[in-house]
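Predicted, not measured: the structure shown is a model, and the values here were computed from it.
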Amino acid sequence: MNDRPAEAAGIGRAGVGARPVRTGADVTASAAVRYALVPAPRLSLDAVARRSGLHPDLIRRFVALGLVDAECDAAGHLVFDPTAPAVLARIQRLRSGLCLNYASIGLVLDLLDRISLLEAALRGRGTRSETPPWT
């Protein structure tokens, strides 16, 4: 699950004084450069635990397993993207609803992310028909 670059996963590290984010084709010399004016909002481990209703140790275990993306701040504490409680809720639904272990939950999350990307690409091309091809 961590094989995606942070920017593709929606977890950019852009902030004041951060490295520039290139848009468009990076190989061309005329690629535009943007600088983030406001740092991306982050949630502490305690805030994520309160919002998700899970124990902080369980969230640390999810981070160690690669199920939830987190970064360390300057003090060495875990900080999360604002979407982390939703990801944790998704993990809990898979665990309780399908009785999956955490290794298989990682696989299912990766497959669901890939399916979402493929469906978005199909919608962008406008080639998807109203009736699914398997019916």
Name all residues meeting the side-chain hydrogen bond (donor to acceptor under 3.5 Å, both in side chains) criterion together with R60; count only those two or more places apart in sequence or in a different chain, and write none if there are none. D57

Is a side-chain N or O of N101 found less than 3.5 angstrom from the main chain of S104, in a donor-acceptor match? yes

Closest non-hydrogen atom pair, [X] against [Y]:
| X | Y | answer |
| --- | --- | --- |
| D81 | L43 | O-CD1, 4.0 Å |
| L78 | A70 | CD2-CB, 4.1 Å |
| P41 | P82 | O-CD, 3.4 Å |

Would you indicate whether the side-chain heavy atoms of L109 and I105 approach each other to under 4.5 Å? yes

For residues 85-99, tabulate all N or O donor-acceptor pairs below 3.5 Å that involve a side-chain atom, not counting sequence neighbours.
from, atom 1, to, atom 2, distance (Å)
R95, NH1, L100, O, 2.9
S96, OG, Q92, O, 3.0

Show which residues join L111 in its hydrophobic cluster (side-chain heavy-atom contacts under 4.5 Å, direct or indirect), or state none. L107

Which residue pairs pass the ring-ring contact (aromatic ring centres under 6.0 Å, His included) test when at least one of the two sits in residues 79-123, sequence neighbours left out? F62-Y102

Quick test of your reading: applying side chain to side chain donor-acceptor pair (under 3.5 Å), list the pairs with at least one residue in residues 44-53, sequence neighbours left out, ordered by first then second residue. none

Sequence neighbours left out, what passes side-chain contact (heavy atoms from CB on, under 4.5 Å) with A75? Give chain and number order. D73, H77

